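Shown next, in structure tokens, is the structure this report addresses.
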Amino acid sequence: MENNKVIFAISDSLGETAESVARATASQFDKENIDIIRIPYISQESQIDDVISEAAKEQSIICHTIVSPTLRQYLHKEAENMGIQAVDIMGPVLDAVGTIADTKPRLTAGMIHKLDQEYFKKVEAIEFAVKYDDGKKPSGFEKADIVIIGVSRTSKTPLSMFLAYKKIKAANLPLVPEVPLPEELFKIPPKKVVGLIIDPYKLNNIRSERLRTMGLDGEANYANIARIEEELAYARAVMRRVHCPVLDVSNKSIEETASFVMQIIERNKQQEASR
């Protein structure tokens with residue numbers, strides 16, 4: 001690094017933000033040879049001493065996204081003593097937002113990455129719901145947080161997607177008397193399965209309307225009340241065989257149904273944790 005200029009990008013978290021700002025700034029001086037050195041997870045004054053000692057050997061500045069007030073104050077005091085410029089990237093913005101915010105900042109390192117992790121969990125759950133929708137791949141049952149079973153038009157797919165937005169991996173399986181059940185359904189614990197049933201006349205209305213929107217005869221066998229009762233009887237028999245919790249969704253919104261399912265999942269987690 002001899003004859004090079006150096007920007008030390010330091011942080012009490014990963015330091016990606018400090019490094020990105022440093023690189024974006026250095027790119028504006030394209031005729032200069034500027035090295036960027038990222039030093040993450042600063043948590044002690046001794047680490048700051050090491051950075052300042054190293055920075056004193058080069059033509060250096062320090063930029064940082066340290067949120068700890070104690071470490072920030074120490075860094076700036078020691079940098080000033082050594083004649084090194086330290087640029088606080090996050091502090092001024094924190095102070096500015098503090099003038100309009102109703103709450104105080106958490107001053108917790110790595111919050112953006114915690115938020116990123118939550119976002120990616122949600123995306124992963126949504127992708128899971130799409131991949132294992134409608135019984136397409138029963139192999140996913142073992143990886144699911146919950147498997148939803150029920151006859152057609154009991155809102156299994158909307159429920160799976162709603163749960164996905166809550167970062168819950170849900171697979172679902174339509175129960176049709178003529179279609180053999182996948183063996184994977186009986187390899188998972190019953191507590192990981194929830195069955196949905198519905199009033200036959202309510203389902204008759206839903207299916208008839210569905211057929212009409214598709215330009216088909218609303219009196220087709222799919223919406224025939226006798227056929228519906230046959231399907232529901234079959235579904236109940238399957239649920240008894242699986243020994244899973246059963247929820248009547250006749251007069252429930254997706255939110256209400258999801259709340260019930262999430263209670264089951266939370267109870268399962270607590271049972272696992274107590275073992």
Side-chain angles (χ1 to χ4, degrees), residues 112-198 203 206-207 209-211 213-214 216 222-223 228 231-232 234-250 252-273:
I112 189 170
H113 301 290
K114 292 178 182 177
L115 293 174
D116 285 346
Q117 289 172 8
E118 294 303 302
Y119 171 77
F120 286 120
K121 283 180 183 178
K122 182 186 295 186
V123 171
E124 184 180 1
I126 292 171
E127 291 176 346
F128 187 94
V130 172
K131 184 175 182 179
Y132 298 108
D133 181 45
D134 209 30
K136 286 182 290 193
K137 292 186 177 181
S139 59
F141 289 0
E142 185 178 356
K143 295 177 282 188
D145 295 314
I146 200 76
V147 177
I148 303 160
I149 62 175
V151 301
S152 175
R153 310 312 295 177
T154 48
S155 297
K156 296 183 301 299
T157 296
L159 176 59
S160 295
M161 294 304 299
F162 186 95
L163 292 170
Y165 277 94
K166 300 292 185 180
K167 301 181 288 292
I168 294 170
K169 294 180 179 179
N172 69 77
L173 174 71
L175 300 179
V176 183
E178 294 78 16
V179 178
L181 294 168
E183 61 183 18
E184 289 85 352
L185 180 62
F186 301 98
K187 291 182 178 180
I188 57 176
K191 64 182 181 181
K192 280 186 60 175
V193 184
V194 62
L196 305 183
I197 58 170
I198 190 171
L203 185 55
I206 294 172
R207 288 188 176 183
E209 184 60 30
R210 172 64 173 166
L211 289 171
T213 59
M214 296 173 63
L216 301 174
Y222 177 69
I228 288 173
E231 288 184 37
L232 289 171
Y234 169 75
R236 288 189 179 90
V238 171
M239 293 168 196
R240 286 194 296 271
R241 182 180 169 191
V242 174
H243 299 294
C244 66
V246 178
L247 178 63
D248 188 335
V249 298
S250 302
K252 286 183 171 58
S253 65
I254 293 295
E255 291 82 1
E256 290 175 307
T257 305
S259 177
F260 174 84
V261 174
M262 287 188 288
Q263 288 175 27
I264 293 175
I265 295 170
E266 184 60 30
R267 186 165 63 244
N268 291 344
K269 288 180 179 178
Q270 291 175 358
Q271 290 174 353
E272 289 293 328

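Just so it is clear, the model here is predicted, and its values are computed rather than measured. Numbering of residues begins at 1 and proceeds along the displayed sequence.
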Spacing of Glu127 atom CD and Lys122 atom NZ [to the nearest 0.5 Å]: 13.5 Å

Between OH on residue Tyr234 and CG on residue Leu175, distance to nearest 0.5 Å: 6.0 Å

Where His243 and Pro190 come nearest, the two heavy atoms and their spacing: O-CB, 3.4 Å

Minimum heavy-atom distance between Lys143 and Lys169, given as atom pair plus value: O-CD, 4.2 Å

OG on Ser139 to NZ on Lys131, rounded to 0.5 Å: 7.0 Å

Electrostatic pair Lys187-Glu183, nearest N-O below 4.0 angstrom: yes

Cationic N near anionic O, under 4.0 Å, Glu231 to Arg207: yes

Residues forming a ring pair (Phe, Tyr, Trp, His ring centres under 6.0 Å) with Tyr132, sequence neighbours excluded: Phe128

NZ (Lys167) with more than 12 external heavy atoms under 6.0 Å: yes

Residues that Phe162 engages under ring pair (Phe, Tyr, Trp, His ring centres under 6.0 Å), provided they are two or more places apart: none

Intermediate values then yes/no, side chain to side chain contact (heavy atoms under 4.5 Å, CB included), Val194 and Phe260: CA-CA 10 Å; Val194 62; Phe260 174 84; 4.0 Å; yes

Greater than 12 external heavy atoms within 6.0 Å of Glu142's CD: no

Step-by-step side chain to side chain contact (heavy atoms under 4.5 Å, CB included) determination, Leu196 to Asp248: CA-CA 6 Å; Leu196 305 183; Asp248 188 335; over 6 Å; no

Non-hydrogen side-chain atoms of Glu256 and Val249 separated by less than 4.5 Å: no

Check: Val147 main-chain N/O paired with Lys192 side-chain donor or acceptor under 3.5 Å: no

Point-to-point distance, once rounded to the nearest 0.5 Å, from OG of Ser160 to CD1 of Ile148: 3.5 Å

Atom CZ of Phe186: over 12 foreign heavy atoms under 6.0 Å: yes

For Ile228 against Ala223, the heavy-atom pair lying closest together: CD1-O, 3.7 Å

Heavy-atom pair of closest approach, residues Ser155 and Ile254: CB-CD1, 3.6 Å

Beyond-backbone contact of Val261 with Ile168, side-chain heavy atoms, under 4.5 angstrom: no

Euclidean distance, Ile146 CD1 relative to Asn268 CG, rounded to 0.5 Å: 6.5 Å

Heavy-atom closest contact (Val193 atom, Pro245 atom, distance): O-CD, 3.0 Å

Contact summary for Pro174 and Asp134, nearest pair of heavy atoms: CG-OD1, 3.3 Å

Greater than 12 external heavy atoms within 6.0 Å of Lys136's NZ: yes

Side chain to side chain contact (heavy atoms under 4.5 Å, CB included) assessment of Ile149 paired with Asn172: CA-CA 6 Å; Ile149 62 175; Asn172 69 77; over 6 Å; no

Salt-bridge criterion met for Glu272 and Lys191 (N-O under 4.0 Å): yes

Euclidean distance, Thr154 OG1 relative to Leu247 CG, rounded to 0.5 Å: 10.0 Å

Step-by-step side chain to side chain contact (heavy atoms under 4.5 Å, CB included) determination, Leu173 to Lys156: CA-CA 8 Å; Leu173 174 71; Lys156 296 183 301 299; over 6 Å; no

Polar side-chain atom of Thr257 near backbone of Ser253 as donor-acceptor pair, under 3.5 Å: yes

